[in-house]
Every structure is written in C-alpha cells, then in structure tokens.
Amino acid sequence: MSTLELKTRISRILVLLSYFGLLLLFTLWYLWLSPSKGDNPWVIWLVHFLPLAAFAPVVISGKPRGHAWLCFVLLLYFLEAVIAALVPPTRWLGIIDCVLLVTLFNAAMLYARWRSQLDRYQAAEATA
C-alpha cells in the first residue's frame, strides 16, 4: 500500500466518524440535551440536520468532488458552533460541535485532494 493510499484511507475514516458524530450531536443537542423552549425543537433539528444529511450519499460513496462541496457547507455550521461555544448555556456543546466540524472540514478537504491524486495516479498507471 502506498503512502497516498494510506493517507486517503485515514482521511476517509476521519470523515465518516466526524460526519456521523456531527449528525448524532445535532440529534442529541436539539432534541434531548438542550431543546429550544419557545420553538418547536423538531423544526430546529430539521433545519440543522437536513442540509448536512443531504451529503450522506456523497460521504458514503466517497466522491471527492462532493467532499469539497461539503467543506463549503461546513463553514456555515462553523459560524453557529463558535457562537454556541461563546454562550454559557451551550458552551460545551458548542466546543464539541467546533471540534467535530474542524475535524470533518480538514479530513474532507484532504480526502478530496488525496483521492483525486490517487485516481489520477491509478488512471495513469492503467494506461501505461
């Protein structure tokens, strides 16, 4: 196994763990740990959960281009996570959210890069 294959495999594992960890965090946070008092918690959960869940086919299939698009969407989630980390009632949830988002962003970005390089290398090897 080449170094590029190993890096791709490790980044893929990190993407899967942090992606599904983030979905689990949103579910626990908005429906059980700290549900919204004035609004319907299911609606708030859906607003946070659905845009991220829309990337599930891309994350599961491992398409590099989709991982790059996921990084753009994660930036919006990161803004909210930082704000949540600064507010005392949701500080720990916000910090956990930030850690998962930073891990997912970096792993997805590196996976997209390394997977694309690996695909080009394997295509060049197959034609040679």
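For this chain, numbers begin at 1 and follow the sequence in order.
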Let's go through Y121 and Q117 carefully: what are the C-alpha distance in whole Å and the side-chain angles of both, what is the deciding distance for side chain to side chain donor-acceptor pair (under 3.5 Å) to 0.1 Å, and is it a yes or a no? CA-CA 6 Å; Y121 176 74; Q117 289 176 351; over 6 Å; no
Could you tell me whether the side chain of [X] and the main chain of [Y] form a donor-acceptor pair under 3.5 Å?
X: Y30; Y: W42; value: no
X: D97; Y: L93; value: no
X: Y111; Y: G62; value: yes
X: T90; Y: A84; value: yes
X: R91; Y: A85; value: yes
X: R12; Y: A108; value: no
X: Q122; Y: D119; value: no

With the 4.5 Å side-chain cut-off for hydrophobic clustering, are [X] and [Y] part of the same group?
X: L14; Y: F20; value: no
X: L75; Y: V73; value: yes
X: L25; Y: W92; value: no

Which atom names give the shortest non-hydrogen contact between L23 and T27, and what distance separates them? O-OG1, 3.0 Å
Trace of the side chain to side chain contact (heavy atoms under 4.5 Å, CB included) decision for W69 with F55: CA-CA 9 Å; W69 279 104; F55 283 93; 4.1 Å; yes
Establish, yes or no, whether a centroid distance under 6.0 Å links the rings of F105 and F72. no
Does K63 have more than 12 heavy atoms from other residues, nucleotides or ligands lying within 6.0 Å of its NZ? no
Please walk me through it: do I13 and L17 pass side chain to side chain contact (heavy atoms under 4.5 Å, CB included)? CA-CA 6 Å; I13 291 168; L17 289 174; 3.9 Å; yes
Begin with the C-alpha distance, continue with both residues' side-chain angles, and end with the deciding distance and a verdict on side chain to side chain contact (heavy atoms under 4.5 Å, CB included) for L52 and L70. CA-CA 8 Å; L52 198 59; L70 175 63; 3.9 Å; yes
Will you find, in the side chains of W114 and S11, an N or O donor that is under 3.5 Å from an N or O acceptor? no
Got a second to check how far [X]'s [atom1] is from [Y]'s [atom2], nearest 0.5 Å?
X: H48; Y: L50; atom1: NE2; atom2: CG; value: 11.5 Å
X: I96; Y: L33; atom1: CD1; atom2: CG; value: 8.5 Å
X: L74; Y: L104; atom1: CG; atom2: CG; value: 4.5 Å
X: L101; Y: N106; atom1: CG; atom2: CG; value: 11.0 Å

